[in-house]
Amino acid sequence: MSNSRRNSGTRPGAAGGRIQQAKLVLLGDQGVGKSSLALRFVRGQFPEHSEATVGAAFLTQTILVQGQSLKFDIWDTAGQERYHSLAPMYYRGAQAAVVVYDINNANTFNRAISWVRELRQQTAVNTVIVLAGNKADLASEHRAVPTEDARVFAEETGLIFAECSAKSGLAVNEMFMMIAHKIVGKHASPNSSQGVQLTGGEEASSSGCKC
Amino acid sequence: MSAVVPHKKKSFHLDEADLLCKNGCGFYGNIAWEGFCSKCYREVYQPAKQAQIQHDALRKSGQYSPTANNAPELADEQAALSKLEKQKVQPASKQSSAFKFLKKSPTKEIKPVIQELRRGSTESQKIGGEFAEFLKSLKKKSAAVEISKMVREFVDRVQQNQHLNIDDLSEMVQEFYGTLEDQLNGYPVFKDLSSETIDKVMDFAESYILTRLYPYIFCSPTTLDEERDLALQNRIRSLHWVTALQLDTVINDDDPAIRHELDSAITDIIEMDSKRSSQDKLQHIVSCSKHIFEVLQQSKQGPASADEFLPALIYIVLKANPPLLHSNIQFITRFANPNRLMSGEAGYYFTNLCCAVSFIEGTIFRIPKIKSLKT
């Protein structure tokens with residue numbers, strides 16, 4: 001594999017008008033809702049309400065951001081511990097990685113932290129890394145990871161942080177839009193990787209994006 | 001046989017270090033490259049290869065002297081050999097044949113290659129015909145002629161260089177994809193082509209080139225692919241006892257409808273080997289994966305995700321034991337257009353297949369303890 005093959009964000013030789021492609025990989029423990037987040041973003045559905053879907057591990061979604069079409073290729077990964085060592089094969093060449101944890105389960109947050117550390121070491125500096133606390137709809141009764149803990153960690157590590165819910169749709173689109181803005185904007189200033197955060201709630205869902 | 005082995009359910013483990021390049025550059029290593037990534041492998045082995053070539057050339061011209069060689073290990077080898085020569089008074093021809101053997105001369109493989117060429121000629125003709133038909137449909141004749149000329153010249157060039165090692169051939173092909181795409185997007189003669197047409201040209205060119213060159217570049221005798229294929233096949237055969245349940249898959253293979261989908265998935269992955277172009281091979285991987293999703297959906301009565309898909313794919317690979325699996329993966333990695341592998345559905349499922357194989361090769365599967373023989 002030659003170097004030129006290694007970070008092919010846009011297609012080589014692509015003219016300005018062509019759709020920009022971005023590979024986005026979803027990481028996180030089994031059952032934290034990685035695929036549900038992707039489904040919510042792509043189809044606006046939550047699996048429980050859509051018997052028709054066969055299921056999906058690979059999804060695409062094209063969005064318009066800053067006047068530019070951006071096509072997300074979303075790669076879901078198996079979250080079980082035993083497959084952890086295979087993950088690099090998936091996130092190789094990704095422009096963005098969304099590390100998902102369940103805010104009602106502290107173990108999944110610990111694993112998310114180790115994912116983030118690994119990604120920081122193994123991927124290019126300009127890879128957009130997102131920490132996503134899913135299942136915010138259940139937080140009022142079952143929360144196990146304080147928002148503050150996650151937010152502080154995300155700030156220290158320079159991540160986009162969001163608490164969201166694939167079930168209610170809370171902050172899901174906003175999170176993906178933020179990633180899109182970062183990817184598209186990256187071409188102008190490649191080193192802008194300071195922490196951006198998105199707190200759950202009306203404030204976030206009303207404003208499109210805070211970049 | 002197994003009652004002694006302690007029961008450990010979560011004993012599957014593949015160490016991360018096994019996957020990374022031995023050079024520590026952070027990219028992924030590959031067994032075929034002795035555990036290095038392709039770049040480091042080339043850096044490490046290129047000087048040795050050059051030295052070997054120089055050494056052989058010098059030997060042929062009869063001017064060889066060990067001190068003149070700048071590769072110390074080869075000089076040592078040569079010195080040791082000449083010592084032997086003095087002791088045993090061996091004829092020089094024997095020694096050089098030993099060297100030839102070490103170099104794994106491709107000459108012995110020429111015959112089968114010719115035979116395979118004949119077998120493959122109908123397939124080459126078919127894709128050649130389709131490509132020509134497509135080029136005819138282009139409005140601008142000069143563009144069609146130019147494309148046809150570039151592609152055919154390239155195929156000839158590779159055929160003339162077929163003795164090169166596989167990494168060099170891979171690089172040649174990859175470079176050609178890049179040049180072709182740049183020219184299609186940049187040259188005035190192609191400026192009327194829409195981006196869809198350019199994509200089609202790229203697809204046809206890839207199909208045509210790989211189908212034509214298949215006998216030289218698939219499971220080439222200059223590589224260790226054949227040995228690796230056999231090793232992987234034996235490995236999978238030795239794991240025949242692994243059940244769907246042991247892999248934690250939700251597959252319910254008692255149901256006839258599910259069984260049917262499973263068989264379709266297995267057939268698809270087995271038939272991948274019979275296809276020549278990377279697109280056709282990848283298409284079989286995608287189709288296999290779609291059947292797996294059907295299996296999972298019917299087994300668990302709900303949509304499946306990657307958490308369920310990967311174990312199911314591992315299970316299918318174990319059940320199918322696809323022929324020349326390693327060679328097929330290597331072929332796609334080396335010769336498919338990289339755009340195909342880094343993005344899109346085919347790239348995603350191909351990565352999963354690579355992961356499944358990596359898992360099968362690197363994991364210690366434990367035979368579960370038989371709970372009770374009485375019941």
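Proteins get letters first, then strands, A, B, ... in listed order; numbering begins at 1 in each.
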Exercise. Below 4.5 Å, heavy atoms only, C-beta onward: do B/Met342 and A/Asp73 meet side chain to side chain?
Worked result: no

Exercise. A/Asn104: what forms a side-chain hydrogen bond (donor to acceptor under 3.5 Å, both in side chains) with it, not counting sequence neighbours?
Worked result: A/Asp102

Problem set entry | Residue-level contacts of residues 310-318 of chain B with chain A, using a heavy-atom cutoff under 4.5 Å | B/Leu310, B/Pro311, B/Ile314

Seminar exercise, completed: Between A/Ala78 and B/Ala306 the two heavy atoms that sit nearest each other are CB-O, 3.5 Å

Exercise. When rounded to the nearest 0.5 angstrom, what distance separates CG in A/Asp76 from CZ in B/Phe309?
Worked result: 11.0 Å

Problem set entry | Sub-4.5 Å side-chain heavy-atom contact between A/Trp75 and B/Thr351 | yes

Problem set entry | Side-chain touch B/Ser343/A/Lys23, heavy atoms, less than 4.5 angstrom | no

Problem set entry | Best-contacting candidate, B/Gly344, B/Gly347, B/Cys354, B/Ser289, against chain A by heavy atom pairs under 4.5 angstrom | B/Gly344

Exercise. What part of A/Lys34 lies closer than 4.5 angstrom to a heavy atom of chain B: side chain, backbone, both or neither?
Worked result: side chain

For this session: Give a yes or no on whether B/His260 atom NE2 has more than 12 heavy-atom contacts from other residues, nucleotides or ligands under 6.0 Å away.
Result: no

Exercise. So does B/Lys300 have more than 12 non-hydrogen atoms from other groups sitting under 6.0 Å from NZ?
Worked result: yes

For this session: Please look at A/Thr60 and chain B and tell me whether the side chain, the backbone, both or neither of the residue comes under 4.5 angstrom of a heavy atom of that chain.
Result: neither

Exercise. Below 4.5 Å, heavy atoms only, C-beta onward: do B/Cys355 and A/Tyr83 meet side chain to side chain?
Worked result: no

Problem set entry | Heavy-atom check, side chain of A/Gln80 versus side chain of B/Asp307, under 4.5 Å | yes

Exercise. B/Asn352 and A/Tyr90: side-chain donor and acceptor closer than 3.5 Å?
Worked result: yes

Exercise. Roughly how far, to the nearest 0.5 Å, is OH of B/Tyr348 from CG of A/Leu59?
Worked result: 9.0 Å

Exercise. Roughly how far apart are B/Leu341 CG and A/Arg92 CZ, rounded to 0.5 Å?
Worked result: 8.5 Å

Exercise. Hey, what do you get for CG (B/Leu353) to CE (A/Met89), rounding to the nearest 0.5 Å?
Worked result: 9.0 Å

